[in-house]
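First the proteins, then the strands, lettered A, B, ... as listed; each starts at 1. These numbers come from a predicted model, not from an experiment.
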Amino acid sequence: MLDIKLIRTDPEAVKTAIARRGESTTSIDEVLQLDSRVRAIGTERDDIRAEVKQISKQVGALHKDGKADEAADLQTKSRELGDREKALTDEADELAGQIRSLLLNVSNMPSPEAPDGLTEDDNIELRVENFDPGSYADHQKVPHWDVAEQLGILDVDRAVRMSGSMFVMYRGAGARLLRALIAYGLDRNRDAFEEVRPPTVVKTETMIGTGHLPKFSDDAYHLERDDLWAIPTAEVPLTSMVAGEILDESELPMRLMAHTSCFRREAGSAGRDTRGLLRVHEFDKVELYSFCTPEQAPDMHMEILARAEGAIRDLGLAHRVLDLACGDISGAGSRTYDIEVFAPGADRWLEVSSVSWCTDYQARRANIRYRPEGEKGTRFVHSLNGSGLAVPRVWAAIIETYRQADGSVRMPEVLLPYLGDMTEIPAPG
RNA sequence: GGAGACGUGGCCGAGCCAGGUUGAAGGCGCUUCCCUGCUAAGGAAGUAACGUCGUAAGGCGUUCGUGGGUUCAAAUCCCACCGUCUCCGCCA
């Protein structure tokens, strides 16, 4: 949520920033209008409340002195004021509700440093590593859905039978590789990040905190009977972990990581990227997360990016890092770097991490503040998140990249400690 | 799921059954100062967040789990919901 005070004092700057995303700014004007009315009403209401309080005290005193007649007059007057107060309160609440719902649907302002542009074509490629398109042999140019079927490590048909399309099931060595990737993703960040295993199903207000609701309700699974939502990313419960709390500056930066299942309805993308693991409704992910001060945020952003990229690099996968254009940054972010791995079989780049700096946007929604040392009052924290390891797409890239001429798949060196005696997935009989 | 008890400030804990001057006693913690060779003990003062008006000092308002209701007036009365604890049931 944007700062209403900023909208009040510098509406043009806010509108200019929002416009860089290609989003409409009309709601900013509406907010401005509603806000000035709600404040005028609030002032009047507060004055009346103060008067009612005074009168009530007098009534009490008069009753004590046995002057019921005088009290009765005041009570009548107070009752009238009360009616007026009620009407003003209703109006103010109504307007405040309108403002809130408008603001909840406005995205964060992109950072001034975020590249211009509205589509992914405007993203800036910062670096490409370990990639030589001519270096791939024919046996690597087989898409993972075919390789996986040959090796019996992914059972899509049966998963679809029990859960519907775009659900998958890992089997045997495939499931083991999945588990190794999760452990690897967590362990390499254990030096600084606290491991958390949060709930996978959360309340509506928890989803609002990150910005996933109300705007993107079609993307999430909703359990209607209990009004709970299946999380699309661990970012949701992790943000909520300290919702409503006032942290000590000494606790910052707070570094958290979590492995969870993530659930996405992919409502807008039916029929797209449906092969194999390119796009699935349920997947595993290790998320890196931080709450910090505004001053700590830029370094933290780089740290999370470096950790996410390091995990991919050490797996020996070709990858690139993109600086996302304003229009391609998700709602809560102000600056986002994407990491994509190259999958030689599918012959395409796959997004495996989105490292976002959300400034105080989520902190306002979830009401997360800290007490700056040597300063009175509180400030909103900054929140940052990034996938430490999005498992299915990395799994797919490994299966394709490490496929040998004989059809077997070698396991990356760094995963061996997690695989016991499994150094490869052998070629079929 | 059933029965009962309970939800007060950073923490503990009064107040609620007899509604009024209670933003809320007392204690702990914390901050500053005094005392002191140092420490301990002791003394004094301070110690919420948010909104709004104001250059400021400060004023006004909101918040005693959440939301409604009753009343001139609600931490106190009524209703609903959420949560916690205990016992029973069930279960990994």
Side-chain angles (χ1 to χ4, degrees), chain A residues 1-9 31-104 197-209 223-229 237 240-252 254 261 291 360 363-381:
Chain A
M1 194 148 61
L2 297 182
D3 183 1
I4 182 100
K5 285 180 191 156
L6 181 63
I7 294 176
R8 216 133 70 191
T9 52
V31 165
L32 272 173
Q33 220 167 7
L34 292 168
D35 178 59
S36 70
R37 278 175 63 202
V38 85
R39 277 184 300 150
I41 292 167
T43 304
E44 190 181 347
R45 182 203 53 200
D46 285 356
D47 288 348
I48 292 176
R49 277 182 180 166
E51 202 176 340
V52 168
K53 273 185 153 183
Q54 285 305 316
I55 291 176
S56 294
K57 282 179 187 170
Q58 291 173 35
V59 170
L62 288 170
H63 276 299
K64 208 167 274 179
D65 297 344
K67 298 176 181 168
D69 293 351
E70 290 177 43
D73 289 346
L74 284 175
Q75 281 171 229
T76 307
K77 185 180 176 198
S78 183
R79 206 175 292 129
E80 284 163 13
L81 288 170
D83 291 344
R84 175 83 182 129
E85 189 261 4
K86 181 91 174 74
L88 290 170
T89 299
D90 289 348
E91 196 178 349
D93 288 351
E94 162 69 20
L95 293 174
Q98 287 178 29
I99 291 172
R100 183 172 164 77
S101 68
L102 283 169
L103 282 181
L104 283 180
R197 176 54 248 220
T200 321
V201 164
V202 299
K203 296 198 261 188
T204 296
E205 63 179 275
T206 306
M207 289 283 279
I208 289 175
L223 307 172
E224 283 184 25
R225 179 182 168 128
D226 299 296
D227 193 19
L228 292 168
W229 301 78
S240 207
M241 239 175 82
V242 292
E245 294 187 24
I246 300 174
L247 308 171
D248 256 16
E249 181 166 0
S250 60
E251 296 175 74
L252 303 176
M254 192 181 280
S261 274
F291 294 112
D360 59 2
R364 279 178 198 285
R365 286 172 164 251
N367 194 22
I368 305 165
R369 291 164 291 167
Y370 74 101
R371 237 179 266 283
E373 272 160 36
E375 225 180 277
K376 65 178 171 119
T378 57
R379 289 160 75 186
F380 286 103
V381 300

What are the two closest non-hydrogen atoms of A:P237 and A:P198, and how far apart are they?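 Here A:P237 and A:P198 meet closest at CB-CB, 3.6 Å.
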
Which pair of non-hydrogen atoms, one from A:W229 and one from A:K203, has the smallest distance, and what is that distance?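 So the minimum-distance heavy-atom pair works out to CD1-C, 4.1 Å.
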
Donor-acceptor pairs under 3.5 Å, side chain of residues 53-60 of chain A to any protein atom, not counting sequence neighbours: which ones?
residue: A:S56; atom: OG; partner: A:V52; partner atom: O; Å: 2.9

To the nearest 0.5 angstrom, please state how far the [atom1] atom of [X] sits from the [atom2] atom of [Y].
X: A:D65; Y: A:H63; atom1: CG; atom2: NE2; answer: 11.0 Å
X: A:R365; Y: A:L2; atom1: CZ; atom2: CG; answer: 9.0 Å
X: A:D46; Y: A:T89; atom1: CG; atom2: OG1; answer: 8.5 Å
X: A:D90; Y: A:K86; atom1: CG; atom2: NZ; answer: 4.0 Å

Roughly how far apart, to the nearest Å, are [N] and [M] at atom [atom1]?
N: B:rC35; M: B:rG43; atom1: P; value: 16 Å
N: B:rA45; M: B:rG26; atom1: P; value: 12 Å
N: B:rA73; M: B:rG20; atom1: C1'; value: 6 Å
N: B:rG67; M: B:rU76; atom1: P; value: 13 Å
N: B:rA24; M: B:rA75; atom1: C1'; value: 8 Å
N: B:rC64; M: B:rC16; atom1: C1'; value: 11 Å
N: B:rG54; M: B:rG13; atom1: P; value: 44 Å
N: B:rG42; M: B:rC87; atom1: P; value: 40 Å

Under 3.5 Å donor-acceptor pairs involving side-chain atoms of residues 242-251 of chain A, not counting sequence neighbours:
residue: A:E249; atom: OE1; partner: A:E373; partner atom: N; Å: 2.6
residue: A:E251; atom: OE2; partner: A:D248; partner atom: N; Å: 2.8

What is the separation between atom [atom1] on [X] and atom [atom2] on [N], rounded to the nearest whole Å?
X: A:E245; N: B:rA49; atom1: CD; atom2: C1'; value: 14 Å
X: A:K5; N: B:rC53; atom1: NZ; atom2: C1'; value: 13 Å
X: A:E44; N: B:rG51; atom1: CD; atom2: C1'; value: 17 Å
X: A:K77; N: B:rA73; atom1: NZ; atom2: C1'; value: 15 Å
X: A:I41; N: B:rC53; atom1: CD1; atom2: P; value: 13 Å
X: A:L247; N: B:rA49; atom1: CG; atom2: C1'; value: 14 Å
X: A:D227; N: B:rC81; atom1: CG; atom2: P; value: 16 Å
X: A:D226; N: B:rC81; atom1: CG; atom2: P; value: 15 Å

Using a 4.0 Å heavy-atom cut-off to protein, can you give one letter per nucleotide of nucleotides 57-66 of chain B, 5' to 3': B if the base is in contact, S if only the sugar-phosphate is, - if neither? ---SSS----

Output a table of nitrogen or oxygen pairs between the protein and nucleotides 68-72 of chain B separated by less than 3.5 Å.
residue: B:rC72; atom: OP1; partner: A:R79; partner atom: NE; Å: 3.4
residue: B:rC72; atom: OP1; partner: A:R79; partner atom: NH2; Å: 2.6
residue: B:rC72; atom: OP2; partner: A:R79; partner atom: NE; Å: 3.3
residue: B:rC72; atom: O2'; partner: A:S56; partner atom: OG; Å: 3.4
residue: B:rC72; atom: O2'; partner: A:S78; partner atom: OG; Å: 2.4

Enumerate, atom names and distances included, each donor-acceptor pair closer than 3.5 Å involving a side-chain atom of residues 77-85 of chain A, sequence neighbours excluded.
residue: A:R84; atom: NE; partner: A:E44; partner atom: OE2; Å: 3.4
residue: A:R84; atom: NH2; partner: A:E44; partner atom: OE2; Å: 2.7
residue: A:E85; atom: OE2; partner: A:R49; partner atom: NE; Å: 2.6
residue: A:E85; atom: OE2; partner: A:R49; partner atom: NH2; Å: 3.4

If pairs are Watson-Crick or G-U with both distances under 3.5 Å, what is the dot-bracket string of RNA chain B, marking crossing pairs with [ ] and pairs to another strand with |? ((((((((.[[[..)....(.....]]]((((((.......))))))((((((....)))))).[[[[[..)....]]]]])))))))....

With a 4.5 Å limit on heavy-atom distance, are the side chains of [X] and [Y] in contact?
X: A:D35; Y: A:I7; answer: no
X: A:R37; Y: A:E91; answer: yes
X: A:E51; Y: A:D47; answer: no

Just call it for A:K203: base, sugar-phosphate, or nothing, with non-hydrogen atoms closer than 4.0 Å on any strand.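 The residue A:K203 makes no contact with any strand.
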
